[in-house]
Structures are given as C-alpha cells and as structure tokens.
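Report on the following structure.
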Protein chains: 2
Amino acid sequence: MQIEKQLDKRQQRSRKLLGEAIIALILEQGYENITIKSITERADVAYVTFFRHFESIDHLLGWVLEESINALVEMHEQSLNDETRSVPECFVQEGVLIFEHVAQHADLYRILFTSPGALAALKRTKTHVAKLAIEEFQRWVEGTSLVYEILAMSYVNNLFGLIEWWLEHGMQPDLATMAHIYTQISLAIRQSAAA
Amino acid sequence: MQIEKQLDKRQQRSRKLLGEAIIALILEQGYENITIKSITERADVAYVTFFRHFESIDHLLGWVLEESINALVEMHEQSLNDETRSVPECFVQEGVLIFEHVAQHADLYRILFTSPGALAALKRTKTHVAKLAIEEFQRWVEGTSLVYEILAMSYVNNLFGLIEWWLEHGMQPDLATMAHIYTQISLAIRQSAAA
DNA sequence: CTAGTTATGATATACTGTGTTTCATAAGTC
DNA sequence: GACTTATGAAACACAGTATATCATAACTAG
C-alpha cells in the first residue's frame, strides 16, 4: 500500500493493466491457456514491460489476488478486534460479511481456487488468516498450544472449503444459509478444543 | 487395475519407470524444475516414449498420485462398510489407519499438497472421499439434503487439512494425537448437522 | 518355437513461449 | 524547463514441447 505510492504513475498504470488483463484472460480462456504474450497484448503493453514488473505469470497472479483478497483479511481483523460481542455473535456477523465479500468478488475467488498457479497465493492467505484465528483462540483460552494452532488451521480450511464449494455450486444456498452453516461448524470446531 | 493387466509388459515397465522418476525428481529438485527430458533420462527411457503414455507432466503426476492414494480411499471404504461399530469408534479406528498410511507414504502426500500440478488430482481425490462421506451421513440420518453434502465436504477438507499440516510440521505431534484430534473435529462437524 | 504384432530407441525437425539486449521516445518527477 | 526513468519496438538466443520416420528389440498368440 505504501510502496504503491512510491511507484511512478507509469508503473502503476502498467501493473494495473497487466492485472486486469490476466484476470480477464483466465476467465475467458482458463489458466492453462494464458501466455505472457497474450497478457501484454490484452493489456496493450509491450511484451518486455511484463518482465520489468513480474518474474512470472504466477507472480503476477499472486500479486493481483492478494491485493484484492487483503480486503477480506482486513475485514476479518476488524471483526476480531471488536471485543464487545460474544463468541457466537462474532461468528454470525463475520460469516455474513465474508460471504458478501465473496459474492462481490466471485470471479477472483474462483480463480484463486481453480488456478494451479494461485496455489502459493492461496496458501499465504490461509496462513495469514490462521494466524489471526490463533490470536483469537488465545484471547478465549489462556496459554498457547499446538492444539490451538491445529484448531485455527481447521477453522481456516473449513472457511475456505465452504467458499470454494459455494462458488462451485453457483452460490446455490443463499448467503444467509451459508453464513449460518459457517457459524455452526466454526463453533463446533472451537468447542472441540475442550476434548 | 483391470486395464493395467491388459497392457503390454513393456508399457507397464515404461509407465512404472516414468512414475518412479517423476516422484524422485520432484523430491530432489522440486516440482517447478522438472522437465519431460529430465524425467525420461532419469527413467532411462526414450524422450518420445513419454508422449506415447501421457500428454503432460501433470497427467503423469496425477496418474502416479491417484494410483497410490487409492489405497487410502479403499481403506476408507472398508472402514465405512463395517457397520458393527458405533460412530465414535468408527472415527477413532479410521483416524489411526489414515495417519499410519500418511506416515508410510509421506513423500507422496507431500507432493500431492505442494505441487501446483497435483491440484487436479487432489480435487478428484477429495471429491471421491466426500462422496463416501455423504453415503455415511445418509446412513445415520435418513433423507438427503444440501446440508449433508456441505458437512461431508467440511469433513474432507478438515481431514486433508490435518494431513497437510502434519506433514508441514515434520509429523510433530505423534500419530495417536493427530488421530484423536481428527476424531474430535470430525464428530464436532457431524454433530453440527443438528443445528 | 515360430510368426506376427507392437512398443521402444534414435535421430531429425518444427514450433511455441520465455527471457534478454539495445536504443529512441514519451512520460513522469522535482 | 531540465533531468530522470519507464516504455515501446525490434532482433535475437534459447529451452522445452511435440511430431515424424524407421530400424530394432520385445512381447503375444498360436
């Protein structure tokens, strides 16, 4: 974000165009069929310019996805920092916000889950969210343990699994239902810490 | 399995050598650095032979992984078909078997989770296991519903997430602990069907 | 064991996509 | 307005993929 401001306007322009191009092309032709040439042509940017900004297609894709999905993570953080609510309320409200965000950026999330080249970006995102979840667990139960780390990871895998499933099924059960299921399972996972 | 028998001995030999070669090379050099040439050289097989059996590196990889991990799935199926045990017993015994299998084939599972080209194979495996889980749910609670489909998917995502995490952490908490955690979370997910 | 079939190996070759170099020009910065 | 720098254009080297041909070795069926 801060680094972004330090960039030359021309650089910002090039990156933005390349980012928009790769997303459009993946949606049109699929991840496997895109090339650097096709990306630069679509972006109306010189072929060499690509290499001045990114070292590979996957790096460009990772940059685009993380740029966008950071919004979800920040939202998540704010939700966690609101200490006035109870645990269940926390999950409910959060669930609605999350699935709203997914619905608004469905294309990006779909690419995140289906493109092999997005695997690294997906893992980074998961790890980031898991760290937030661990902090959350530590607030409820004092002390730190491997078990909480595992539970946090299970929570994240479940969340991302629900999102992926929802997108693959045409966002079929409505947002509220998904948020409800998310809440139930998240609470269930959290409570299994006792055992 | 049946198709395998129909193959010429030379074909079986070639495929086996190629399969062993790609696994060895991925472990040595990482997925990103392998080429068809390096695979065929390691397998001591002609370059063209590769194309006579597989249309891409990812197809070869998918074939190898699914061939091996089918063992886990079959084990899973047998476990499900044993109707004499209660639900918790089912999960406990299953958990031990699963993590034993993972420990024995750690290399393959590691490749399955870290190689971008294995993403398709991973998804096929998950889907397969999820279908088994749905049948299991339908045995406990009559009738079918989208919710059970979602719970089955959550169960699978949690299982694979635990395996991935365990491998990334050097199989740190011992097998029994992981099996116990698996059991707890699986039961928790299952019980959230009531809500 | 033999005759017929077929997969393999070796070689040559075409092609696509990646990545780099050079230099003039346009666009940004201060 | 002077300086700096990113961009565009073109040529190029190169790696990796993919196919074609043909002689040879290995397998199968009888």
Side-chain angles (χ1 to χ4, degrees), chain A residues 1-26 28-64 67 115-120, chain B residues 1-26 28-64 67 115-120:
Chain A
M1 292 294 184
Q2 312 89 316
I3 306 166
E4 204 72 355
K5 283 293 168 192
Q6 296 169 351
L7 285 180
D8 191 314
K9 278 185 185 176
R10 292 167 290 182
Q11 293 185 31
Q12 292 181 40
R13 185 189 121 94
S14 295
R15 294 194 181 197
K16 191 187 163 209
L17 289 172
L18 288 170
E20 292 168 352
I22 193 175
I23 297 300
L25 286 174
I26 291 180
E28 287 174 20
Q29 314 174 356
Y31 173 81
E32 322 289 347
N33 301 316
I34 57 173
T35 64
I36 295 176
K37 195 186 165 201
S38 70
I39 295 170
T40 53
E41 279 177 354
R42 166 64 69 102
D44 202 34
V45 147
Y47 180 70
V48 277
T49 300
F50 179 93
F51 297 97
R52 290 174 175 137
H53 292 279
F54 305 97
E55 52 179 272
S56 72
I57 289 179
D58 290 350
H59 280 82
L60 166 58
L61 183 57
W63 175 77
V64 175
E67 193 83 352
S115 304
L119 188 60
Chain B
M1 292 294 182
Q2 312 90 318
I3 307 166
E4 203 72 355
K5 282 292 168 193
Q6 296 171 352
L7 285 180
D8 191 313
K9 279 184 183 175
R10 292 167 291 184
Q11 294 184 27
Q12 291 181 41
R13 185 188 123 93
S14 295
R15 294 195 181 196
K16 190 186 163 208
L17 289 172
L18 288 170
E20 291 168 353
I22 193 175
I23 296 300
L25 286 174
I26 291 180
E28 286 173 22
Q29 314 175 355
Y31 174 80
E32 323 288 347
N33 301 316
I34 57 173
T35 63
I36 294 176
K37 194 187 164 200
S38 69
I39 295 170
T40 53
E41 280 176 354
R42 168 63 71 101
D44 201 35
V45 146
Y47 181 72
V48 277
T49 300
F50 179 94
F51 297 96
R52 289 174 176 136
H53 292 279
F54 305 98
E55 54 179 271
S56 74
I57 289 178
D58 290 350
H59 280 82
L60 166 58
L61 183 58
W63 176 77
V64 175
E67 193 83 351
S115 304
L119 188 60

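A, B, ... follow the sequence lines: proteins, then strands. Residue 1 opens every chain.
- We find the CG-CG distance between B:Asp44 and B:Leu18 to be 10.5 Å, quoted to the nearest 0.5 Å.
- When every heavy atom of A:Pro116 is checked against every heavy atom of A:Tyr31, the shortest pair comes out as CD-CD2, 3.6 Å.
- For B:Glu20, the side chain to side chain contact (heavy atoms under 4.5 Å, CB included) partners two or more places apart in sequence, or in a different chain, are B:Lys16, B:Leu17.
- Listed by chain and number, the residues in a side chain to side chain contact (heavy atoms under 4.5 Å, CB included) with A:Thr49 are A:Ser14, A:Val45, A:Ala46, A:Arg52, A:His53 (sequence neighbours excluded).
- The minimum heavy-atom distance between B:Leu61 and B:Gly117, with the atom names listed, is CD2-C, 4.2 Å.
- Partner of B:Asp8 under the side chain to side chain donor-acceptor pair (under 3.5 Å) criterion, out of B:Arg10, B:Gln11, B:Gln12: B:Arg10 alone.
- Under the rule for a salt bridge (Lys or Arg N to Asp or Glu O under 4.0 Å), B:Arg13 has no partner lying at least two apart in sequence or in another chain.
- For A:Tyr47, taking side-chain heavy atoms from C-beta onward, the closest of the listed nucleotides C:dT18, C:dT11, C:dG28 is C:dT18.
- Axis orientation changes by 60° from one end of the helix from C:dC1-D:dG30 to C:dC30-D:dG1 to the other, with each end axis drawn from 5 pairs and the value rounded to 10°.
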Between the protein and nucleotides 2-8 of chain C, are there any N/O to N/O pairs under 3.5 Å, and if so, what are the atom names and distances?
from: C:dT6; atom 1: O2; to: B:Arg10; atom 2: NH1; distance (Å): 3.0
from: C:dT6; atom 1: O2; to: B:Arg10; atom 2: NH2; distance (Å): 3.3
from: C:dA7; atom 1: OP1; to: B:Gln11; atom 2: NE2; distance (Å): 3.1
from: C:dA7; atom 1: O5'; to: B:Gln11; atom 2: NE2; distance (Å): 3.0
from: C:dT8; atom 1: OP1; to: B:Arg10; atom 2: O; distance (Å): 3.3
from: C:dT8; atom 1: OP1; to: B:Ser14; atom 2: OG; distance (Å): 2.4
from: C:dT8; atom 1: OP1; to: B:His53; atom 2: NE2; distance (Å): 3.1
from: C:dT8; atom 1: OP2; to: B:His53; atom 2: NE2; distance (Å): 3.1

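- Contacts between residues 55-62 of chain A and DNA chain C, counted as heavy-atom distances below 4.0 Å, involve A:Glu55, A:Ile57.
- Chain A approaches DNA chain D over the interval D:dT5 to D:dA10, counting the first and last nucleotide 5' to 3' with an atom under 4.0 Å from its heavy atoms.
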For residues 32-42 of chain A, tabulate all N or O donor-acceptor pairs below 3.5 Å that involve a side-chain atom, not counting sequence neighbours.
from: A:Asn33; atom 1: ND2; to: A:Gln29; atom 2: O; distance (Å): 2.7
from: A:Thr35; atom 1: OG1; to: A:Ser38; atom 2: N; distance (Å): 3.0
from: A:Thr35; atom 1: OG1; to: A:Ser38; atom 2: OG; distance (Å): 3.3
from: A:Ser38; atom 1: OG; to: A:Thr35; atom 2: N; distance (Å): 3.1
from: A:Ser38; atom 1: OG; to: A:Thr35; atom 2: O; distance (Å): 2.8
from: A:Thr40; atom 1: OG1; to: A:Ile36; atom 2: O; distance (Å): 3.1
from: A:Thr40; atom 1: OG1; to: A:Lys37; atom 2: O; distance (Å): 2.9
from: A:Arg42; atom 1: NH1; to: A:Glu28; atom 2: OE2; distance (Å): 3.2
from: A:Arg42; atom 1: NH2; to: A:Glu28; atom 2: OE1; distance (Å): 2.8
from: A:Arg42; atom 1: NH2; to: A:Glu28; atom 2: OE2; distance (Å): 3.1

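- Put simply, CZ on A:Phe51 and OG on A:Ser56 are 9.5 Å apart, with the number rounded to the nearest 0.5 Å.
- Taken residue by residue, residues 31-44 of chain A places heavy atoms nearer than 4.0 Å to DNA chain D at A:Asp44.
- For B:Phe54, the ring pair (Phe, Tyr, Trp, His ring centres under 6.0 Å) partners are B:Trp63, not counting sequence neighbours.
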